[in-house]
Amino acid sequence: MADREQFLAHVRERIQSSGARPHEHYQPTVAPDSVWTPSRPRPPVWEPSADELPERFLAELRALSGTGARVADETAARDYIIELARHKRATLLVRWGDEPTDALGVDAPLAAAGTRVAVWGRDADARALCATADLGLSSAEYAVAETGSLVLVTSPERGRAVTLLPPAYVAVVPVARLVPRVADVIAHYAQAGPLPASLCFHTGPSRSADIEQSLAIGVHAPGEIHVLLVG
Amino acid sequence: MARTTTPKPARQRDTVDTRPTGPEHAGGDFNARGRAALKDEFLHDSLAMAQTRLAGSRTATLAALPDAPELRERAYAIKQDVIAHLDTYLERLADAVERASGHVHFASDGADAITYISGIVARRGARTIVKSKSMATEEIELNHRLEELHPGLEIVETDLGEWIIQLRGEPPSHIIAPAVHLNRFQVAETFSQVAGEPVPPDVEDLMQFARRRLRQKFLAAEIGISGANFAIAETGTIVMVTNEGNGRLVTSLPPVHIAVVGIEKLLPRVADLSVFLQLLARSGTGQKLTVFTNLITGPRRPGESDGPEEFHLVLLDNGRSQILGTEFDEALYCIRCGACLNVCPVYRQVGGHVYGSTYSGPIGAVITPLLKGDAAAKDLPNASSLCGACWEACPVGIPLHDLLLKLRNRETREGLAGRDQSLLFAGFAQAMAHPAAYRLGAAAGRIAQAPFISAGSIRRAPRPADRWTGTRDLPPIAGASFRDRWKEGI
Ligand code: SF4
């Protein structure tokens, strides 16, 4: 078994075995491929106003076969979820137990409509129930307009299985949490202190092109994704 | 810790991993495999379609990125820094993983990694392991070795394409499209055997069958094993990108997660991800981002009820350190996006199996002899027309054709070259003869120019070996008779 010090010493020795760095004058952008050529005509840099973000997000999500809608408030979001559960004849919904998801107030109306609700971090069997749930429901830290991505983080109230195991998944995000780009999210977490155990960009339904390069949706994770932008 | 050591009832077992992995198992030499591949029509059509699809959307999404050239410069510069100070970054990474309550193991070679992982399997009494996205474990033939060491252990590859080829006992044929060589009837035949009843040869039915079957495995597994696209020294985070979601399941559901990661995969800071995440998916599949981009930092935190209880990072050397400090060290900058495969006219003709290595295409032709030694992979650097399309496509700017040329020179110096370069010319000649190859975007036109590109015009490099320049004087004219002549020659 390699000892850490020995391993690192060996790496150090190998690096130092050569004298001068051999690549000092290499310029990766002399490649003739047009996308790397600095002198190519550049597309304009996208500098969206806050108003453009919801529309762009929804367009990107739809292009990935996801479903999205902008709703006026939490009540409208709740109604959408209840209608979806009714339409799917869902018998079981699992959801995050964090504050924004609690605030939707879906539990009582869903129970009245015949859909059992299991809450992550509160109901002991929530984890086991994810495997048989018809619907998952969560909030998200951010939504990324450029890519149609949700940014999901973990905590005791926010489990990964809720967003992964059910065949259909709904996320509710305030419009104020929309950011233009992936790079904005990275820049935020680069300075935000220790990262959560899991930070995930979840971008549209699960997809595979592994059989004859035909698109198959939902092979492991949800094939149906609804994102509700609130506000 | 020994929570799961009580014996469990026998479970239905789908897979015994019989895949021949690694160059030693690849059956015959590069040229023998190449001869078979050149005759396979379906393979040709699929590869051509995959290349056209992937390379086409790559170009479109990258062209829409205003700062693509600067990102490529940044990517190269960051990787250069990482490789030049790898010892420092490795140490930082290990400290950060431990701070996040993870375990780190430095593995000098495959045997070392396998011993460590085998210890975890024994301690946890594991019966089922689910795997995702791990070329490093394929490189060390982890599946075979673990199944030998632990009779009854089932190891399941969960990427749909990987699972299909695992069930069939075949190696992958493309970095990002491992089952691209199979049609749906072959897949249906395989699934029907597993199911014990017919599964219709319909993509949706096949996918649903795989979902149901693999779901059971995810829920039963005691250990998840993954690779990583990046490991971030600053925070001890590993980053995995997948489209199907299996990567997120493998790293979230089982009580133990083991990531096996080559030591070259480091990035210094979280901020560096902005550069690499913008390039990786665009270069590989032409997506702006893959469906799942996971940043995993240690095991689950106190109070959390999913995510692994134990997280292990196995940092694998296995020949990589021998490349450090040599003229070949840029090969370690690779982020395995697959772009170079998607533009390579030779790969288009022969497919991934021909390379007889975990790593195929231009990067495979470079990295395999460097990891395994020239003697084990001496035909590979010849599997290129040196047209430079790979270098052009590479988001990190690795001068792949330059490295190939240097490898040929090294082989020549060591007296290994020239025994049989005929397959190169077979693939090359077919590339010349197929008009479709000319429509290959970046590759177009360069094939014909290849004989005139000297490495010196791109970067100062030794002149090609005499034997090579001797045979390079081929008439650069495409035509059936030309191809037929070469066909007869192989
Ligand atoms: S060598 Fe470059 S293009 Fe090829 S897989 Fe690696 S990063 Fe991608």
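Note on naming: letters A, B, ... go to the chains in the order of the sequence lines (proteins, then strands), and numbering restarts at 1 for each one. Quick caveat: nothing in here was measured; it's all calculated off a predicted structure.
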| remark: Okay, B/F218 and chain A: the region with an atom under 4.5 Å from a heavy atom over there is side chain

| What part of A/T154 is in contact with chain B, defined as an atom under 4.5 angstrom from a non-hydrogen atom: side chain, backbone, both or neither? | both

| At a heavy-atom separation under 4.5 Å, does A/V182 approach chain B through its side chain, its backbone, both, or neither? | side chain

| task | Kindly compute the distance separating CD1 (B/I83) from CD1 (A/I15), expressed to the nearest 0.5 Å. | result | 8.0 Å

| query | Non-hydrogen atoms of chain A under 4.5 Å away: do they reach the side chain of B/Q208, the backbone, both or neither? | reply | neither

| task | For each of B/M49, B/R320, B/Q186, tally heavy-atom pairs with chain A at distances under 4.5 Å, and name the one with the top tally. | result | B/M49

| Where the side chain of A/W36 meets the backbone of B/E392, is there a donor-acceptor pair that is under 3.5 Å apart? | yes

| Region of A/P194 in contact with chain B, defined by heavy-atom distances below 4.5 Å | neither

| query | Where does B/L86 contact chain A at under 4.5 Å (heavy atoms): side chain, backbone, both or neither? | reply | both

| request: Would you mind checking which part of B/M240 comes under 4.5 Å of any heavy atom in chain A, side chain (CB onward), backbone (N, CA, C, O), both or neither? | output: neither

| task | Using non-hydrogen atoms and a 4.5 Å limit, figure out which bit of B/R74 sits close to chain A: side chain, backbone, both or neither. | result | neither

| request: Could you tell me which portion of B/I164 (side chain, backbone, both or neither) has an atom closer than 4.5 angstrom to a non-hydrogen atom of chain A? | output: side chain

| said: Can you tell me which portion of B/T290 sits under 4.5 Å from chain A's heavy atoms? Options are side chain, backbone, both or neither. | reply: backbone

| query | Any idea which of B/A100, B/A94, B/A63 has the most non-hydrogen atom pairs under 4.5 angstrom with chain A? | reply | B/A63

| query | What part of B/I263 is in contact with chain A, defined as an atom under 4.5 angstrom from a non-hydrogen atom: side chain, backbone, both or neither? | reply | side chain

| field | Engaged part of A/P44 at the chain B interface, taking heavy atoms whose separation is under 4.5 Å | value | backbone

| query | Heavy-atom distance under 4.5 Å to chain A: side chain of B/L277, backbone, both or neither? | reply | side chain

| message | For a quick test of reading the model, state the closest non-hydrogen atom pair linking B/L253 to A/R127 and the distance between them. | response | O-NH2, 2.9 Å

| With only heavy atoms counted, which part of B/A64 is less than 4.5 Å from chain A, the side chain, the backbone, both or neither? | backbone

| said: Between A/R14 and B/T326, does the side chain to side chain contact (heavy atoms under 4.5 Å, CB included) criterion hold? Intermediate values first, please. | reply: CA-CA 9 Å; A/R14 289 296 318 166; B/T326 71; 3.6 Å; yes

| message | I'd like to know whether A/Q6 forms a side chain to side chain contact (heavy atoms under 4.5 Å, CB included) with B/S108, so could you lay out the CA-CA distance, the side-chain angles of the two residues, the decisive distance to 0.1 Å, and finally the verdict. | response | CA-CA 10 Å; A/Q6 221 177 311; B/S108 306; over 6 Å; no

| message | For A/A197 versus B/P299, what's the shortest heavy-atom pair and its separation? | response | CB-O, 3.6 Å

| said: Between B/L182 and chain A, with a heavy-atom cut-off of 4.5 Å, which part of the residue counts as in contact: side chain, backbone, both or neither? | reply: backbone

| query | With distance as the sole test, does A/R207 use its side chain to make a donor-acceptor pair with the main-chain N or O of B/N243 at under 3.5 Å? | reply | no

| Rounded distance [0.5 Å steps], OG in B/S305 versus CH2 in A/W120 | 4.5 Å

| Which heavy atom of A/V35 sits nearest a heavy atom of B/R58, and at what distance? | CG2-NH2, 3.7 Å

| request: Please check if any side-chain donor atom of A/H220 sits under 3.5 Å from a side-chain acceptor atom of B/T158, or the reverse. | output: no

| request: Fit a plane to each ring of A/F7 and B/F106, take the angle between them on a 0 to 90° scale, and name the class: parallel (under 30°), tilted (30 to 60°) or perpendicular (over 60°). | output: tilted

| query | Quick one: what part of B/P395 sits under 4.5 Å from any heavy atom of chain A, side chain, backbone, both or neither? | reply | both

| query | Stepwise, does the salt bridge (charged side-chain N to carboxylate O under 4.0 Å, His left out) test hold for A/R42 with B/E70? | reply | CA-CA 12 Å; A/R42 308 278 187 112; B/E70 287 74 19; 3.0 Å; yes

| message | Can a donor-acceptor pair be found, under 3.5 Å and without considering hydrogens, that links the side chain of A/R12 to the backbone of B/D87? | response | no

| query | Is any side-chain heavy atom of A/S198 less than 4.5 Å from a side-chain heavy atom of B/R300? | reply | no

| Contact leader toward chain A among B/G245, B/A75, B/P66, B/G298, where contacts are heavy-atom pairs under 4.5 Å | B/P66

| message | Between B/N294, B/T88, B/N246, B/V396, who has the most heavy-atom pairs with chain A when the cutoff is under 4.5 Å? | response | B/N246

| Side chain, backbone, both or neither: which part of B/S321 has a heavy atom under 4.5 Å from chain A? | both

| query | Can you find a heavy atom in the side chain of A/V11 that is under 4.5 Å from one in the side chain of B/L90? | reply | yes

| task | Indicate yes or no: at least one non-hydrogen side-chain atom of B/E304 is less than 4.5 angstrom from one of A/R158. | result | no

| request: Between chain A and each of B/L273, B/L219, B/L249, count heavy-atom pairs under 4.5 Å; write down the option with the most. | output: B/L249

| query | Which pair of non-hydrogen atoms, one from B/V203 and one from A/A216, has the smallest distance, and what is that distance? | reply | CG1-CB, 4.2 Å

| query | Does the salt bridge (charged side-chain N to carboxylate O under 4.0 Å, His left out) test come out yes or no for B/K288 and A/E60, once each step is laid out? | reply | CA-CA 10 Å; B/K288 276 180 272 195; A/E60 293 291 336; 2.7 Å; yes

| message | Heavy-atom pairs under 4.5 Å with chain B: which of A/A131, A/S155, A/G204 has the most? | response | A/S155

| Interchain contact, B/R53 with chain A, by part (heavy-atom threshold 4.5 Å) | side chain

| request: Spell out the residues in residues 160-169 of chain A that have some non-hydrogen atom less than 4.5 Å away from a non-hydrogen atom of chain B, in order of number; otherwise answer 'none'. | output: A/R160, A/A161, A/T163, A/L164, A/L165, A/P166, A/P167

| request: Return the minimal non-hydrogen interatomic distance between B/G325 and A/S17, and the atom names on each side. | output: O-OG, 3.9 Å

| field | Which atoms of A/H10 approach chain B - backbone, side chain, both or neither, heavy atom under 4.5 Å | value | side chain

| request: Say whether A/S208 and B/E244, considering side chains only, have a donor N or O and an acceptor N or O under 3.5 Å apart. | output: yes

| field | Reported OG1-to-OH distance for the pair B/T235 and A/Y189, which is rounded to 0.5 angstrom | value | 13.5 Å

| message | For residues 132-147 of chain A, give me every residue with a non-hydrogen atom less than 4.5 Å from any non-hydrogen atom of chain B. | response | A/E146, A/T147

| request: Among B/H85, B/R248, B/R99, single out the residue with the greatest number of heavy-atom pairs under 4.5 Å to chain A. | output: B/R248

| request: Measure distances from A/R181 to the heavy atoms of chain B and classify the residue's part below 4.5 Å as side chain, backbone, both or neither. | output: neither

| note | Among A/P196, A/P156, A/G218, the residue with the most heavy-atom pairs under 4.5 Å to chain B is A/P156

| request: Check A/A183 against B/Q278 and note the closest heavy-atom contact, atom names and distance. | output: CB-NE2, 4.3 Å

| How long is the gap from CG on B/L289 to CG on A/L64, to the nearest 0.5 Å? | 9.5 Å

| A/L195: which of B/I296, B/I232, B/T297 passes side chain to side chain contact (heavy atoms under 4.5 Å, CB included) | B/T297

